[in-house]
Amino acid sequence: MRLSRYFLPTLRETPAEARIVSHRLMLRSGMIRRASAGIYSWLPLGFRVLKKIETVIHEEMTAAGAQAVLMPTLQLADLWRESGRYDVYGPEMLRIADRHDRDMLYGPTNEEQITQIVRDDIRSFRDLPRNLYHIQWKFRDEIRPRFGVMRGREFLMKDGYSFDLDFEGAKRSYNIMFVAYLRTYARMGLKAIPMRAESGPIGGDLSHEFIVLADTGESAIHADKRLFAMDPRADGVDLEGDLEPVVKRWTSLYAATDDKHDPATCPLPAGDLVEARGIEVGHIFYFGTKYSEPLGCAVTMPDGERRVLHGGSYGIGVSRLAAAIIEASHDDAGVVWPDAVAPFDVGLVNLKSGDADCDAAADDLYGKLRGAGVEVLLDDREERAGVKFADMDLIGLPWQLAVGPRGARAGTVELKRRAGGEKHELAADAALQRILDKSA
RNA sequence: CGGGGCGUGGCGCAGUCCGGUAGCGCACCUGCUUUGGGAGCAGGGGGGCGCUGGUUCGAAUCCAGCCGCCCCGACCA
C-alpha cells in the first residue's frame, strides 16, 4: 500500500476526550473515530488490526475444534422471553421495535440464539459435543462508556458456546477453551493470566477471567510470580489429550483480582507475589443447563432418554483487545505492534520522494517485499523525513525500512526494529532477507 | 443515575465575567527556499461560535429550555 493513496489521518495533537494511552494513540494513529458515546468507526488502519486479531482467534479456535458461524445482531424478544432474560437484563439491553411493532433487541450476547439453533438441528447424542462461535458486534448500553473502544457500548466480541451431554463432557470442553485462550493471547504478544471469577447461579469453580497485564489496566491484580514465567505455547499441548493437568497447573497458583484479594489471608509470601494491573480480555464459564432447560435444548440418548444439554460460553473482547494490546505495548513515540496483529509488517520510508535514486530503490524494495508476501506500507508522500519517521513510529509497524539519497546510491538501507529501536545500515538485499527470516 | 466539567474551522485552544458582529497555533492550498527525526518566508481558503427560543439598536458573550461530549462512582468482553 502506498501511503500517498491510503486513508491514514494521523493527528499531531491529542484530542481532548482521550485520557488513556490506547485511546489517544488509536485516535492519533488514525485507527478509529468516534461516532457517538461508546460507538466508533474503524478506519483502514484500525480495521486491519481488528482483522488480524480475528485471524489469530479463528486459527486458534479452529485448532481447538470450534466452528465459526455468524448469528444476527438483531434478535427476537420472544426468544429472550423463553429464557427469562428479557425481563432480567435491564436497561443495558437496547430494545427496538420493528415496523410491525414486534419487540426486538440488539444482542448483548447470544446464548439464547445459539441454543435455539442447536435445539432445532441437533437431536442425537451422536452429534455431540459441539463448539460453535462467532465474531459479531454486540451492544450493551453501558451506564458509562469510556476509554474509547476499551469500554464501548458497541463492541466486537468473539463468543463461543459448547454443548455436551453431561458435566464431564462440558468440563472437557471448558478445558480445551481454557488452553486455547492462553495460546490465543500469547500469539498476540500478551501475557494473559487466568483468574477465578464468579460463576453465577450454577456454582462450582468453572469460571475464569483472562487478565492481560498493562500498567494502565483498570483492575489491580495479585498473582504468583511463577505464573508469569509460564509459556502456554511451550507445552506443546495435545488438545485431544487430557488437559486437566494443564489447567490445574495454571489454576493451582494464586491469582486474584483486587476485590478478591486479602493480604491477610493470601497464602503467598510477599516475595512470590506480583502486584500488577490488568485488563479483562476474556471470560469463560460453564453454566450447565441454564439455557438448555428453559429453551428445551435436548438430544436423544442411546436408550431413548431425552437428555438436556450442558453448556458453556467463552468470550473474547476483540475490539477491546486492540486497545489492550496498545496499553501493553507502546512507548512515548507511539504504538509498538506485536508482529501477529500489526496492520502491516513493514513500513518502508522513502526519505526523499521525487529523488530518482530514492524512488527507484524504494519501489524496488516495495515490489520485492510484496512479491514475498510481506505486507508493506510505503511512505511515498512528499513530506520531510522527520514527519515520515514520526508517523511511522506512531503507527508502530514492527519493521521500518528507510531509503535515503545517500543509501540509495550506495545500495544500502536503514533497517529499524520498532520494538527496541535497534537500527542497522544494511545492503538492501540483506535487509530484505532479515525481514523475511524474522517474519517467517 | 448521582456528583463535577466542557461544547468556538479537521485537531489543540483564547475570546464569555465587563454584549459592538470572531482570533491564535497546528493541519490544508499556492509559490520560493529547504530536505536523514514533526522546516523557513510570503500569500491564500475554510467557521459565525451545539440547538431552539428570549432580552437588546446589536448576542459566541446575558436569560431559559433542550441536545451532545468528557471525568469520578456502581456494571461489564
Side-chain angles (χ1 to χ4, degrees), chain A residues 9-20 23-24 27-28 30 33-39 53 57 89-93 107-110 133 135-160 181 184-185 192 197-198 200 208-212 218-219 257 259 278-285 313-324 332-334 349-355 358 379 381-394 400-408 412-414 416 421 423 425:
Chain A
T10 57
L11 266 27
R12 192 175 289 204
E13 289 176 278
T14 302
E17 69 195 57
R19 301 299 158 113
I20 65 169
H23 190 193
R24 275 187 242 139
L27 289 169
R28 286 194 56 212
R33 288 294 182 262
R34 195 189 73 233
S36 74
I39 302 178
I53 293 172
I57 292 172
Y89 220 92
E92 214 175 78
M93 177 188 279
T109 177
N110 288 60
Y133 74 97
I135 295 179
Q136 176 66 288
W137 292 92
K138 304 291 185 288
F139 194 91
R140 293 181 192 173
D141 204 350
E142 295 275 344
I143 292 167
R144 189 156 84 87
R146 59 182 140 168
F147 303 147
V149 300
M150 188 73 84
R151 172 159 310 159
R153 292 193 294 169
E154 186 182 62
F155 58 98
L156 189 59
M157 181 165 88
K158 171 263 160 182
D159 44 322
Y181 270 41
T184 301
Y185 297 122
E198 299 300 339
H208 288 89
E209 292 178 357
F210 289 79
I211 308 277
V212 149
E218 290 180 81
S219 38
T257 50
D259 49 317
I279 300 162
E280 184 188 348
V281 291
H283 197 163
I284 62 177
F285 42 94
S313 72
Y314 315 92
I316 294 179
V318 178
S319 46
R320 171 180 284 184
L321 265 173
D332 290 343
V349 181
N350 182 344
L351 289 172
K352 193 169 183 180
S353 300
D355 175 278
C358 282
D379 192 347
R381 295 175 301 172
E382 309 245 340
E383 286 287 354
R384 297 170 62 82
V387 172
K388 296 187 177 189
F389 281 128
D391 273 343
M392 270 307 164
D393 285 346
L394 177 62
Q400 287 177 20
L401 218 40
V403 178
R406 288 199 310 264
T412 64
V413 295
E414 183 184 273
K416 173 178 155 183
K423 297 182 200 170
E425 188 83 15

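In what follows, every chain begins at residue 1, and chains take the letters A, B, ... in the order their sequences are listed.
Using a 4.0 Å heavy-atom criterion, one finds that R34(A) contacts the sugar-phosphate atoms exclusively. Using a 4.0 Å heavy-atom distance criterion, D355(A) is classed as making no nucleic acid contact. Residue-level contact check: S36(A) touches the backbone only, with heavy atoms under 4.0 Å from sugar-phosphate atoms and none from bases. Nucleic acid contact for E142(A): base, since at least one base atom lies under 4.0 Å from a heavy atom of the residue. Within 4.0 Å (heavy atoms only), P405(A) reaches at least one base atom of the nucleic acid. Using a 4.0 Å heavy-atom cutoff across all strands shown, G315(A) reaches no nucleic acid atom at all. Using a 4.0 Å heavy-atom cutoff across all strands shown, L11(A) reaches no nucleic acid atom at all. Within 4.0 Å (heavy atoms only), A390(A) reaches at least one base atom of the nucleic acid. Looking at heavy-atom distances under 4.0 Å, R28(A) makes contact with a base. Residue contacts for R146(A): at a heavy-atom cut-off of 4.0 Å it reaches a base atom on one of the strands shown. Using a 4.0 Å heavy-atom cutoff across all strands shown, D159(A) reaches no nucleic acid atom at all. Note on A18(A): nothing from the nucleic acid sits closer than 4.0 angstrom, heavy atoms only.
Of the possible polar contacts, none joining the Y185(A) side chain to the F210(A) backbone as a donor-acceptor pair under 3.5 Å is found. Here the side chain of S353(A) pairs a donor or acceptor atom with the backbone of R381(A) at under 3.5 angstrom. Checking side-chain atoms of R34(A) against main-chain N and O of I39(A) turns up no donor-acceptor pair under 3.5 Å. Judged by distance alone, with hydrogens and angles left aside, the side-chain atoms of R153(A) form a donor-acceptor pair with the main-chain N or O of A37(A) at under 3.5 Å.
Look at the P atom in both C1(B) and A59(B): the space between them is 34 Å, to the nearest Å. Remark: the separation of the C1' atoms in G20(B) and A60(B) is 13 Å, to the nearest Å. For the P atom pair drawn from G25(B) and C72(B), the interatomic distance equals 33 Å after rounding to whole Å. One C1' atom belongs to G9(B), the other to G23(B), and the distance between them is 11 Å to the nearest Å. Between the C1' atoms of G3(B) and U8(B), the separation comes to 27 Å (whole Å). Comparing the same atom, C1', in G10(B) and in U56(B) gives a spacing of 35 Å after rounding to whole Å. Atom P of C41(B) sits at a distance of 15 Å from the matching atom of C24(B), rounded to the whole Å. Taking atom P on both nucleotides, G54(B) is separated from C49(B) by 16 Å, rounded to a whole Å.
The partner of A74(B), taking Watson-Crick or G-U wobble pairs whose two distances both stay under 3.5 Å, does not exist in any strand shown. Pairing for C69(B) is with G5(B), a Watson-Crick or G-U wobble pair whose two hydrogen-bonding atom distances lie under 3.5 Å. Look at G43(B): its Watson-Crick or wobble partner, with both distances under 3.5 angstrom, is C29(B). When both distances must be under 3.5 Å, the Watson-Crick or G-U wobble mate of G36(B) does not exist. Pairing of U16(B), defined by two Watson-Crick or G-U wobble distances under 3.5 Å, is not identified with any nucleotide. Base-pair partner of U56(B): not found among the strands shown (Watson-Crick or G-U wobble, both distances under 3.5 Å). Pair check for G48(B) finds none; no Watson-Crick or G-U wobble contact set falls under 3.5 Å. Across all strands shown, U21(B) remains unpaired; no Watson-Crick or G-U wobble contact has both distances below 3.5 Å.
In 5' to 3' order, the nucleotides of RNA chain B bounding all contacts with chain A (an atom under 4.0 Å from a heavy atom) are C1(B) to A77(B).
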* To do: Could you give me the CA-CA distance, side-chain angles and deciding distance for R140(A) and M157(A), then say whether side-chain contact (heavy atoms from CB on, under 4.5 Å) is met?
  => CA-CA 12 Å; R140(A) 293 181 192 173; M157(A) 181 165 88; 3.9 Å; yes

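In terms of position along RNA chain B, the nucleotide closest to V387(A) lies nearer the 5' end than the nucleotide closest to the other residue of the pair V387(A) and V149(A). Nearest-nucleotide assignment on RNA chain B puts the 5′-proximal partner with A35(A), out of A35(A) and G152(A).
G46(B) adopts an anti glycosidic conformation, its chi angle falling more than 90° from 0.
The aromatic rings of Y181(A) and Y314(A) lie perpendicular to each other, with more than 60° between the two planes, well past the 30° mark.
By the 4.5 Å heavy-atom criterion applied to side chains, R320(A) and E280(A) are counted as neighbours.
Of the N and O atoms on the side chains of K158(A) and T184(A), not one donor lies less than 3.5 Å from an acceptor on the other residue.
Separating the CD atom in E154(A) from the NZ atom in K138(A) is a distance of 11.0 Å, to the nearest 0.5 Å. The structure places OG1 of T14(A) at 11.5 Å from CZ of R19(A), a figure rounded to the nearest 0.5 Å.
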